[in-house]
There are 4 protein chains.
Amino acid sequence: MSQGSEHRKRKPGRPRDESARKAILDAAYRMLMERGLGRLTVEAVAGEAGVGKPTIYRYWANAQELAMAALISRTSFRDSDPDEAVPLDTALKAHMADVVAVFSTARGRQIVSTMASADTESELSKAFRGQIIEGSRAIGREILIAAENRGEIHLGDSVEQVLDFLYAPVFYRLLTGKPIDRDYTDRTVELIDRLLSGCSCGSAMK
Amino acid sequence: MSQGSEHRKRKPGRPRDESARKAILDAAYRMLMERGLGRLTVEAVAGEAGVGKPTIYRYWANAQELAMAALISRTSFRDSDPDEAVPLDTALKAHMADVVAVFSTARGRQIVSTMASADTESELSKAFRGQIIEGSRAIGREILIAAENRGEIHLGDSVEQVLDFLYAPVFYRLLTGKPIDRDYTDRTVELIDRLLSGCSCGSAMK
Amino acid sequence: MSQGSEHRKRKPGRPRDESARKAILDAAYRMLMERGLGRLTVEAVAGEAGVGKPTIYRYWANAQELAMAALISRTSFRDSDPDEAVPLDTALKAHMADVVAVFSTARGRQIVSTMASADTESELSKAFRGQIIEGSRAIGREILIAAENRGEIHLGDSVEQVLDFLYAPVFYRLLTGKPIDRDYTDRTVELIDRLLSGCSCGSAMK
Amino acid sequence: MSQGSEHRKRKPGRPRDESARKAILDAAYRMLMERGLGRLTVEAVAGEAGVGKPTIYRYWANAQELAMAALISRTSFRDSDPDEAVPLDTALKAHMADVVAVFSTARGRQIVSTMASADTESELSKAFRGQIIEGSRAIGREILIAAENRGEIHLGDSVEQVLDFLYAPVFYRLLTGKPIDRDYTDRTVELIDRLLSGCSCGSAMK
DNA sequence: TGATAAACGAGACGGTACGTCCAGTCTTTCC
DNA sequence: GGAAAGACTGGACGTACCGTCTCGTTTATCA
C-alpha cells in the first residue's frame, strides 16, 4: 500500500472555498447585530460578503440556519481554572460575569431570538443549543462539582436544577427585556450559595 | 342642536364589524398554533378569516402585533384563593401547575417566539409582557407575601429575585426545547421552599 | 330596475391599472427591439416600466407571452382599398411593400424568433399567429379574390397555396438572414402574376 | 529539421476523447427532440452524456452552438441521381419528399427554433444555414438546371426565386405550426411546374 | 522510465433571472 | 364617509443554469 489506511480520500471536484464561508459568517454576524434576525436577508448577506446566493444555500438551508451558524462561530465561554481552589460564590460570580459579557448587548437578544424562532428538532438547532446552552452549563457544572468535592456544599441529585436556577434568569430577563448586569447575577449567585450552604442542614434534615 | 345631547352621536360611516375582529383573532391563533410565528402571514389570516388585508391592518400594525393580540386573547391565569391558608409549597405547586397548563403544548413555544421576536419597546409588546409575565408573577407574588405574613418565611427584599427563580426555568426550558411538566415545577418549588425556610437561619446569619 | 340590465356590475376592489399594462408593453417592445427575445427578461422590463414583477405575471405567464403581446400590440397591416380597381400585380406589389415595412428592421427578426420559440399550442400563440400571419394573408386573399371576380385571373382552389407563395419567402428570408426589399417582393409578385395569368390556359388545358 | 515535414507534429498532452464528443451530441440531440431548444441546458446535457461541463464548453461556446452542431450532425439530404432523366415534376416531388422526411416530426420545429434564435452573423450560424438551407437548395437547383438543359423549361435568371418558392413554404408552415406532408409538397411542385412550363409563352409574351 | 502536458469527471464559484410569496399601500365600491 | 375588497409596488425568497474556476485523475508524447 502506497499510503496509510488513515488517509481519507479527498472528494472529487473543486473544494469549497473556506474564505467564502468565513466572509458569509462575518457578514451575517454583522447584519444580525445591526439589524436583527428579522432583517437578516440572505440576499443582503450575499451582497455584503461578495458572494452568490447559491453559495450561501450550499452551506445553510435558510436565513435562520445561517444566523445560528454565525452566532455559534462567535460564541464561546472562557473555561474556569480548575486548579485554583476559590470559594464557590467567588467562582460562580466570576463565571456569571463572563456569561453576562457574552449575552449583554445585542448579541444576547439575537441569540434568544434565533433560538426561539428555530425549528426545535433540526440538527443545527440542536447543535446551536448544545453550543450556547450546554457550553455555559458545562462550566457552571464543573464549578459546582469542584465545590462539592471540596466538601463546601452538598448537591445530591439536584445539580441540573441548580444550574437552571443559575442560567434561567439570564435568558428570562433577555426575553422580558429587562437589563442584566453583574449586580443581578451577583445577587442570583448569593441566593444560590445560601440555598446550597444553608441547605446542607436542610439536606441533612431531609 | 338637531339631536339630543345625551344621544351619543354615532360615528359617521359604516361601523366596524366586531365579528370580523373575532374571526381574525381566531384564525390568527389557529395558524399560530399550527404553523408557528414564522409562518403566520397577514395574507393567510385574511384568507382564513374571510376578510381583506386592510381590515387586519386597521387593527394591528403587522403580523407580530396580531400574534400578540391573538395570544393575549387566549392567555389568562387562574387567580389563587387568598382566603385559604394553605402551606407555601402546596400553594406554589398548585399555581405552577396552572402555569404549566398555560405554557405546555404549542402555545408556550409560540409565546416565547413572539416575545423573542417582538420589538422590546413597543406599546403592544409591553402590554403583551404585562399580560403574560406580570399576569403570572402577580399570583406568585401574592402567594409569597401571604406566606410571609403568616410568618412562614422571611423574604427580605428578594421577592422579585425569588419570583425569577420560580418562573425563569419555565421559559428557559421552553426556549431550549426541553419538556416541562408538574414533576419539574414541583422540584423547583421544593428547592425554593428549602431556600426560603432553611434560610431563615441563613438570613439570620447574615 | 334602476339601471339597464346591460349594465355589467363592476367587480369590487381596485381596478387594474391600464397605464401599467401599457407601460409594460412599451418597455417590453423597446427591449425586444434593442436586445432581442433571448435578452428580454421580465426583471428588466419590470424595472424599465416602473412596475413590480408580480404585476407583469398577473397579465402574462412568462417572458415569451409578454413578447408576443408586445409584438401584437404594435403590428397591424394597412387594409387594401376594395373600391379601386387596380391591376392585380400593382395591388399585390403595394401590399407586399406594406408587409416588408412591417417585417424589415429588427421587428421581423423578433417576430420570427418569438414565433419559433413559442409553444405551438398555447392560446396566446394561436392568437399571435392569427394576428401576424392571418392578418397579412387576409389582405392578400382579398386582393386575389377581387382580381378573380374581375375575371383577371382564375384561381381554382389554390388560393391558399398561392398565398403561401406570396408570404412564405418573406419569412424564409428572415429566417435565413437574407435581406428583403421591395425589389425582391416585386419579383415575387411578378412570378406569381405570370403563374396566374399564363396559367389561365394551363388551367384550361387541365 | 529534426523531423519530416510531412509528419504533423502531434500536440502534447492527452488527446481529446472522440467518444465524449459523440455522447454529447447524442444527448443534446435527444434532449432537443424531447424538450426543445428552450429546455436544452448545458448542465443537463453534461449529466446525460456523463461528461463534465467544461468538456462541452471546450467544443462549443454555448447551448445554441451545441444545438446547431447536434442538428447538423443528424441532418443531411439524399443527393439526386443526375444520370436518370426523369421529368421535372417527378424529380422535384421525389426530392421534396426527402425534404419533408427531414423536417417532419420535432426535428423541423427545432431546426427552425434554432435558426430563429441564433446570432445571424456567427460562423457556426452560417455553417448551420449552409448545411440545412443550402444543403437542400443545392439538390433542387441541380434538378432544375438539368431540366433546363434538357429543354424542358426555361428558367432565365429566376432560379433562386423559384427555389425560394420550392422551400420557403416548408419553413413557413413549420413556423406557423401547420402540418407539412407529401400532399402539400406535391401541390407545391405542381404549381411550380405549371409556372415554369406554361410560362415559356408567358416569358415570350414579355 | 519518468517528467510534462492536456483533457477528463466532478463540483464549487460569482452571477443573473426565474416565478412565487408576502408586506404594506392605494383606489375603488359597498353599506 | 368609514369599512371592505382587491390590485398595486416592491423586496426577498429559494431554485435553475450560466460560464468559469480549481481540483485530483487519466492518458498520451517526449526526453
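Any value given below was found using the heavy atoms of this structure, including those in side chains, with hydrogens, waters and symmetry copies removed. This structure is a prediction, so every number in the text was calculated from the model and none was measured.
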Polar side-chain contact A/Lys53-F/dG14 base: donor and acceptor under 3.5 Å: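 By the distance-only test, yes, there is a pair.
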
Pair of N/O donor and acceptor under 3.5 Å linking F/dC21 base with A/Arg14 side chain: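 For A/Arg14, whose side chain was compared with the base of F/dC21, there is a donor-acceptor pair (under 3.5 Å).
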
Atom NZ of C/Lys126: over 12 foreign heavy atoms under 6.0 Å: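 Correct, the count exceeds 12.
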
Nearest to side-chain heavy atoms of D/Tyr57, which nucleotide of F/dC18, F/dA4, F/dA12: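 Nearest nucleotide to the side chain: F/dC18.
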
Options E/dC22, F/dA4, F/dC13, nucleotide nearest the side-chain atoms of A/Thr41: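 Selected nucleotide (nearest to the side chain): F/dC13.
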
Pairwise 5' ranking along DNA chain E for A/Arg21 and C/Val42, keeping only the more 5' one: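 Going by which nucleotide is closer to the 5' end, it is A/Arg21.
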
Nearest-nucleotide comparison on DNA chain E, the residue closer to the 5′ end among A/Arg58 and D/Arg58: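 Its nearest nucleotide lies further toward 5', so the answer is D/Arg58.
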
Comparing D/Arg39 and A/Ala44 on DNA chain F - which has the more 5′ nearest nucleotide: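 The answer here is A/Ala44.
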
Residue mapping more 5' on DNA chain F - nearest nucleotide basis, C/Gly52 or D/Pro54: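 So the residue in question is C/Gly52.
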
Sugar-phosphate only, base, or nothing, as touched by C/Thr55 at under 4.0 Å among non-hydrogen atoms: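 Contact class for C/Thr55: base.
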
Residue-phosphate contact under 4.0 Å: C/Tyr59 side-chain N/O, F/dC8 OP1/OP2: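 Indeed, a polar side-chain atom of C/Tyr59 lies that close.
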
Chi angles and distances behind the salt bridge (charged side-chain N to carboxylate O under 4.0 Å, His left out) call for C/Asp26, C/Arg74: CA-CA 9 Å; C/Asp26 280 8; C/Arg74 299 292 188 100; 3.2 Å; yes

Side chain C/Gln110, main chain C/Leu37, donor-acceptor under 3.5 Å: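 Flag set: sc C/Gln110 to bb C/Leu37 pair under 3.5 Å.
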
Whether C/Ser125 side chain and C/Asp119 backbone form a donor-acceptor pair below 3.5 Å: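 Yes, C/Ser125 side chain to C/Asp119 backbone: donor-acceptor pair under 3.5 Å.
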
